[in-house]
Amino acid sequence: MVENGRRVLSNVIHSQVELHKDFGGVVPELAARDHLERLPGLLDLAFDRARAGPDDIGLVAVTRGPGLAGCLLVGVGVAEGLGASWSRPITGVNHLWGHIYAAMLTRPDLEPPLLGLVVSGAHSDLVRMPEHGQFEVIGRTRDDAAGEAFDKAARVLGLGYPGGPALDRLARTGDPRRQPLQYSFSGLKTALLYRLRDLGDSAGPREKADLAAAFEQSVVESLLEKLDVALSRTPVSDVVVAGGVAANTLLRRRAAEVVAGRARLTMPPLELCTDNAAMIAAAGYYAPAHHTTTVEPSLGWN
Ligand code: KG4
Ligand code: ZN
């Protein structure tokens, strides 16, 4: 529950990590069913924590996509039910642009125009936001998104699920210079696989930590390279780096260095980087019903 698009009254999250852990990744059917079972209880909790009731609600915002179809269906169904029973309007929000609004919750005076880097499990988008509700995608990864790349690397390094945070932790103990991997997005996963194959039995804990650090560095530098170019081409006073991968330690540090002196950088705190409902509420408040997206990736990641 968010007041006036800026103040978080409550932000309740039920993690499905335990549910999917044994499968090594998200199982869509289980995810959707769990949404259905958990949502009513989560709503009660959100009201309790906000010390609010249905009368206080002015608008219901719900993720419209992108995401897993079954989960989106549950969310939209619940939102429509609530809107009807409370006689309140509903608005559908693009999940990716929701991540940008997490930054608005972080900094009260943050307003467009801004340049955003949204890095989540399934998307890495560089986007210009000239005003509320308008998004121009100027760069987008081709095959794997950053989060997916981290998750897959974590899997081949034997780190289990969820991979991103585990890879982050392991990378902190490694040295990226000892097992250098190429600085480009595509081919990076294959490079990691081949290196592990070549190392064979000699790939011990130290080599794995070094590989995690090298992989992380390649992903982070290739993400920031495009941000750097975009910022040089068209200067802007505010930059936002958001999405689940924006929780990454190296990305946070390097983004601050790359943007320093050229624009103000806002990165949401970790709990607002990964998926949450508060950011969707904020996005719904600022751009009810008419988010527009244009996609012209002049800056691809290859
Ligand atoms: O935005 P998000 O919470 O969910 C999606 O919309 O996909 O992003 C989740 C992604 C996952 O791929 C996860 O591994 C990654 O964010 N992630 C991280 C870290 N924390 C989460 N990747 C690298 N380092 C982290 N610390
Ligand atoms: Zn997300």
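Only this structure's heavy atoms are used, side chains among them; waters, hydrogens and symmetry mates stay out. Remember, it's 1-based here, ligands and their atoms both numbered in the order they're listed.
- Proximity of a side-chain donor or acceptor of N276 to a complementary backbone N or O of T274 within less than 3.5 Å is detected.
- Between D151 and R155, no side-chain nitrogen of the basic residue sits less than 4.0 Å from a carboxylate oxygen of the acidic one, so the salt-bridge criterion is not met.
- V12 and L39 end up in different hydrophobic clusters when Ile, Leu, Val, Met, Phe, Trp and Tyr side chains are linked at under 4.5 Å.
- Here L43 contributes atom CG and D48 contributes atom CG; the two are 11.0 Å apart, rounded to the nearest 0.5 Å.
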Ligand 1: protein N/O within less than 3.5 Å of ligand N/O:
{"from": "ligand 1", "atom 1": "1 (O)", "to": "H99", "atom 2": "NE2", "distance (Å)": "3.0"}
{"from": "ligand 1", "atom 1": "1 (O)", "to": "G244", "atom 2": "N", "distance (Å)": "3.1"}
{"from": "ligand 1", "atom 1": "1 (O)", "to": "D275", "atom 2": "OD1", "distance (Å)": "2.9"}
{"from": "ligand 1", "atom 1": "3 (O)", "to": "D275", "atom 2": "N", "distance (Å)": "3.0"}
{"from": "ligand 1", "atom 1": "3 (O)", "to": "D275", "atom 2": "OD1", "distance (Å)": "3.3"}
{"from": "ligand 1", "atom 1": "4 (O)", "to": "D275", "atom 2": "OD1", "distance (Å)": "3.2"}
{"from": "ligand 1", "atom 1": "4 (O)", "to": "D275", "atom 2": "OD2", "distance (Å)": "3.0"}
{"from": "ligand 1", "atom 1": "6 (O)", "to": "H95", "atom 2": "NE2", "distance (Å)": "3.0"}
{"from": "ligand 1", "atom 1": "6 (O)", "to": "D275", "atom 2": "OD1", "distance (Å)": "3.2"}
{"from": "ligand 1", "atom 1": "6 (O)", "to": "D275", "atom 2": "OD2", "distance (Å)": "3.2"}
{"from": "ligand 1", "atom 1": "7 (O)", "to": "G121", "atom 2": "N", "distance (Å)": "2.8"}
{"from": "ligand 1", "atom 1": "8 (O)", "to": "G121", "atom 2": "N", "distance (Å)": "3.4"}
{"from": "ligand 1", "atom 1": "12 (O)", "to": "G147", "atom 2": "O", "distance (Å)": "3.3"}
{"from": "ligand 1", "atom 1": "12 (O)", "to": "D151", "atom 2": "OD2", "distance (Å)": "2.7"}
{"from": "ligand 1", "atom 1": "14 (O)", "to": "D151", "atom 2": "OD1", "distance (Å)": "2.6"}
{"from": "ligand 1", "atom 1": "14 (O)", "to": "G164", "atom 2": "N", "distance (Å)": "3.2"}
{"from": "ligand 1", "atom 1": "24 (N)", "to": "G164", "atom 2": "O", "distance (Å)": "3.4"}
{"from": "ligand 1", "atom 1": "24 (N)", "to": "N248", "atom 2": "ND2", "distance (Å)": "3.1"}
{"from": "ligand 1", "atom 1": "26 (N)", "to": "D168", "atom 2": "OD2", "distance (Å)": "2.9"}

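- Counting only distance, with no hydrogens or angles, the side chain of R177 and the backbone of D210 share no donor-acceptor pair below 3.5 Å.
- One N or O on the side chain of R6 and one on the backbone of P108 form a donor-acceptor pair closer than 3.5 Å.
- The set of protein atoms (N, O or S) found at less than 2.8 Å from the Zn ion (ligand 2) reads H95 NE2, H99 NE2, D275 OD1, by chain and number.
- In summary, of the residues considered (I90, T63, V62), a side chain to side chain contact (heavy atoms under 4.5 Å, CB included) with V76 occurs for V62 alone.
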Task: Evaluation steps, side-chain contact (heavy atoms from CB on, under 4.5 Å), between R7 and V2 - done: CA-CA 5 Å; R7 200 161 85 88; V2 170; 5.8 Å; no

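- A single hydrophobic cluster is not seen to contain both L72 and L19; linkage of ILVMFWY side chains at heavy-atom distances under 4.5 Å, directly or through other members, places them apart.
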